[in-house]
Amino acid sequence: MGIQVIRNWRDLPPELRGAAVAVGAFDGVHRGHQAVIASAREAARRLGVPLGVVSFDPHPRRLFQPDAAPFRLMTAGQMARALEPLGVERLYLIPFDAEMAAMSDEAFARRVLFQGLGIAHAAVGFDFTYGKGRSGSPEGLRQHGEQMAFSVSVSERRDDASGLKLSSSAVREALKAGDMDRAAHILGRPFAIEGEVIHGDKRGRTIGVPTANIAMGDYMRPAYGVYATRTRLPDGRVVKGVANLGIRPMYEIETPLLEVWLLDFDGSLYGQTVETELVAFLRGEMKFDGLDELKVQIDQDAAAARAVLD
């Protein structure tokens with residue numbers, strides 16, 4: 001059956017209402033988020049109702065800070081795939097627009113959660129804020145729930161046993177530092193970029209290194225440099241690779257690009273959507289004197305990537 005993605009909160013048929021939901025941005029669906037979702041799952045089981053997640057698209061930060069640097073950790077499709085193994089049956093991806101931004105916390109609880117989605121339970125994190133000017137708190141939501149006949153559970157802050165903060169901002173810090181192990185530890189899986197394979201300048205072909213190029217879009221920019229990767233193809237195959245992420249000092253480009261050389265793969269992927277896990281950061285971006293020197297370095301990178309991935 002798979003997870004159902006619902007992009008509306010108004011006029012829903014009865015069969016799409018009445019879930020126990022976890023509410024939040026959930027960008028990354030990291031281990032901290034998973035604790036909130038587990039709390040909603042427990043309520044869903046107790047109440048005998050479906051388990052849902054309420055998130056927003058676009059991310060509220062995009063509306064309030066339209067010029068903010070790209071910051072996303074996942075696409076909507078990746079979010080749905082990350083939620084499915086957690087038992088989530090419905091993902092309510094609510095449009096975050098000017099109307100929603102102007103709602104008071106009481107109006108959001110009443111109009112969206114109570115009247116729109118008809119929720120049975122809301123699970124939120126300890127730092128959840130909502131409503132105009134972020135006036136709403138978990139305690140406030142609990143009070144609204146009492147008046148509107150839905151229960152509320154609040155998940156305490158969860159840090160890792162080693163004191164590592166389980167948060168989206170901690171994931172971003174790790175990615176900026178090129179610490180892919182730390183990012184994967186918080187996420188519970190490697191950070192991955194999903195996108196359509198686009199035409200590049202085909203320079204790699206001339207040295208026998210054809211790359212699959214993927215635009216970074218609204219993904220946050222991890223450390224620029226070379227990574228050991230695993231790429232999931234549309235047919236489900238997973239192929240090892242080595243990728244350059246950045247603006248390539250030698251043949252500079254304006255917008256950062258992920259260029260993946262798929263090892264032991266032959267075929268065209270143009271126009272297809274692939275997902276590439278950045279498993280390990282191998283080195284920063286470098287300038288080379290020519291294609292020959294670049295080719296030598298790429299072969300060394302490929303060997304390093306194989307060593308990591310094996």
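- Here Leu263 contributes atom CG and Arg230 contributes atom CZ; the two are 11.5 Å apart, rounded to the nearest 0.5 Å.
- For the pair Arg172 and Phe71, the NZ or CZ position fails the cation-pi test of under 6.0 Å to the six-membered ring centre and within 45 degrees of the ring normal.
- A pairwise comparison of heavy atoms in Leu51 and Ile37 identifies CD1-O, 4.3 Å as the closest pair.
- For the pair Val274/Pro234, a side-chain contact is recorded, criterion being any heavy-atom separation below 4.5 Å from C-beta on.
- Hydrophobic clustering (ILVMFWY, side-chain heavy atoms < 4.5 Å, transitive): Trp9 and Leu91 are in distinct clusters.
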*Go through Val53 and Leu86 one step at a time and tell me if the side-chain contact (heavy atoms from CB on, under 4.5 Å) criterion holds.*
CA-CA 11 Å; Val53 161; Leu86 304 176; over 6 Å; no
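- Ring pair Phe150/Phe114 is tilted by interplanar angle, where 30° to 60° counts as tilted.
- Taken to the nearest 0.5 Å, the CH2 atom of Trp261 stands 7.0 Å off from the CD1 atom of Ile298.
- Between Arg283 and Asp301, at least one side-chain N (NZ, or NE/NH1/NH2) sits under 4.0 Å from a carboxylate O, which counts as a salt bridge.
- Within the 3.5 Å criterion, the main-chain N or O of Pro70 finds no donor-acceptor partner in the side chain of Arg221.
- Tracing side-chain contacts under 4.5 Å through hydrophobic residues (I, L, V, M, F, W, Y), one never reaches Val260 starting from Val238; they form parts of separate clusters.
- Between atom OG of residue Ser55 and atom NE2 of residue His33 there is a gap of 8.5 Å, rounded to the nearest 0.5 Å.
- Considering every non-hydrogen atom in both Ala22 and Ala40, the closest pair reads N-CB, 3.8 Å.
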*Could you walk me through whether Met286 and Gln297 pass the side-chain contact (heavy atoms from CB on, under 4.5 Å) test, one step at a time?*
CA-CA 10 Å; Met286 289 157 61; Gln297 181 61 52; 3.8 Å; yes
_Stepwise side-chain contact (heavy atoms from CB on, under 4.5 Å) check, Met216 with Leu257_ = CA-CA 6 Å; Met216 293 290 294; Leu257 194 64; 5.9 Å; no
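- The ring pair (Phe, Tyr, Trp, His ring centres under 6.0 Å) test with Phe56 is passed by exactly one of Phe26, Phe96, Tyr92: Phe96.
- In this structure, Arg158 places its CZ atom where only 12 or fewer heavy-atom neighbours from other residues, nucleotides or ligands lie under 6.0 Å away.
- Comment: Lys240 does not engage Asp264 in a salt bridge, judged by the lack of any side-chain N to carboxylate O separation of less than 4.0 angstrom.
- Residues Glu275 and Gln78 have side chains that bring a donor and an acceptor to within less than 3.5 angstrom of each other.
- Side-chain atoms of Arg90 come within 3.5 Å of backbone atoms of Arg17 as a donor-acceptor pair (strictly under, hydrogens ignored).
- Proximity of Tyr224 to Leu245: side-chain heavy atoms (C-beta onward) are separated by under 4.5 Å at one or more points.
- Residues Tyr130 and Phe128 bring their aromatic ring centres within 6.0 Å.
- With 3.5 Å as the limit, one finds a donor-acceptor pair spanning the side chains of His121 and Ser153.
- Residues Ser151 and Arg46 approach most closely at OG-NH2, 4.4 Å, considering heavy atoms.
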*How far apart are the C-alpha atoms of Glu139 and Arg142, what are their side-chain angles, what is the distance that settles it, and do they pass the salt bridge (Lys or Arg N to Asp or Glu O under 4.0 Å) test?*
CA-CA 5 Å; Glu139 193 38 57; Arg142 197 174 261 147; 3.2 Å; yes
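- Smallest separation of non-hydrogen atoms from Thr229 and Leu309: O-CD1, 3.3 Å.
- Closest of all the heavy-atom pairs between Leu12 and Gly116 is CD1-O, 3.9 Å.
- Annotation: the span from Leu117 atom CG to Arg10 atom CZ amounts to 11.5 Å, rounded to 0.5 Å.
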_Show, in sequence, the C-alpha distance, side-chain angles and deciding distance for Arg41 and Val88, and conclude whether the side-chain contact (heavy atoms from CB on, under 4.5 Å) test is met._
CA-CA 8 Å; Arg41 188 167 59 235; Val88 176; over 6 Å; no
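- Val49 and Leu113 fall into different hydrophobic clusters, where Ile, Leu, Val, Met, Phe, Trp and Tyr residues are linked whenever their side-chain heavy atoms come under 4.5 Å apart, directly or through other members.
- Between His30 and Ser168, the shortest heavy-atom distance links the atoms NE2-N, 3.2 Å.
- Residues Asp97 and Leu63 form no side-chain contact, since every pair of their non-hydrogen atoms from C-beta on lies 4.5 Å or further apart.
- Once rounded to the nearest 0.5 Å, the distance linking CG of Asn8 with CG of Leu93 reads 11.5 Å.
- Looking only at atom types and distance, the side chain of Asp105 has a donor-acceptor partner in the side chain of Ser135 under 3.5 Å away.
- Taking 4.0 Å as the cut-off between side-chain N and carboxylate O, Arg81 and Glu194 count as a salt-bridged pair.
- Between Val29 and Met79 the shortest side-chain heavy-atom distance falls below 4.5 Å.
- Note on Ile186: it clusters hydrophobically with Phe281, by side-chain heavy-atom contacts below 4.5 Å among ILVMFWY residues.
- Counted within 6.0 Å of CG on Asp235, heavy atoms from surrounding residues, nucleotides or ligands total more than 12; the atom is thus considered enclosed.
- The residues Glu277 and Arg189 are annotated as not salt-bridged, no charged nitrogen and carboxylate oxygen being separated by less than 4.0 angstrom.
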_Please determine whether salt bridge (Lys or Arg N to Asp or Glu O under 4.0 Å) holds for the pair Asp27 and Arg72, giving the CA-CA distance in whole Å, both sets of side-chain angles, and the decisive distance to 0.1 Å._
CA-CA 7 Å; Asp27 190 20; Arg72 291 307 299 252; 3.4 Å; yes
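- Ionic pairing of Arg110 and Glu106 is present here: one or more N-O contacts between side-chain nitrogen and carboxylate oxygen are shorter than 4.0 angstrom.
- Counted within 6.0 Å of CG on Asp266, heavy atoms from surrounding residues, nucleotides or ligands total 12 or fewer; the atom is thus considered open.
- Leu141 and Val23 fall within the same hydrophobic cluster, defined by Ile, Leu, Val, Met, Phe, Trp and Tyr side-chain heavy atoms under 4.5 Å apart, directly or through other members.
- Side chains of Leu175 and Met180 form a contact here, defined as non-hydrogen atoms less than 4.5 Å apart.
- To the nearest 0.5 Å, atoms CG (Leu73) and OH (Tyr219) are separated by 9.5 Å.
- At most 12 non-hydrogen atoms from other residues, nucleotides or ligands lie less than 6.0 angstrom from CZ of Arg134.
- For the residue pair His185 and Asp160, a side-chain donor N or O sits within less than 3.5 Å of a side-chain acceptor on the partner.
- For Thr129 (side chain) and Ser137 (main-chain N/O), no donor-acceptor pair under 3.5 Å exists by modelled atom type.
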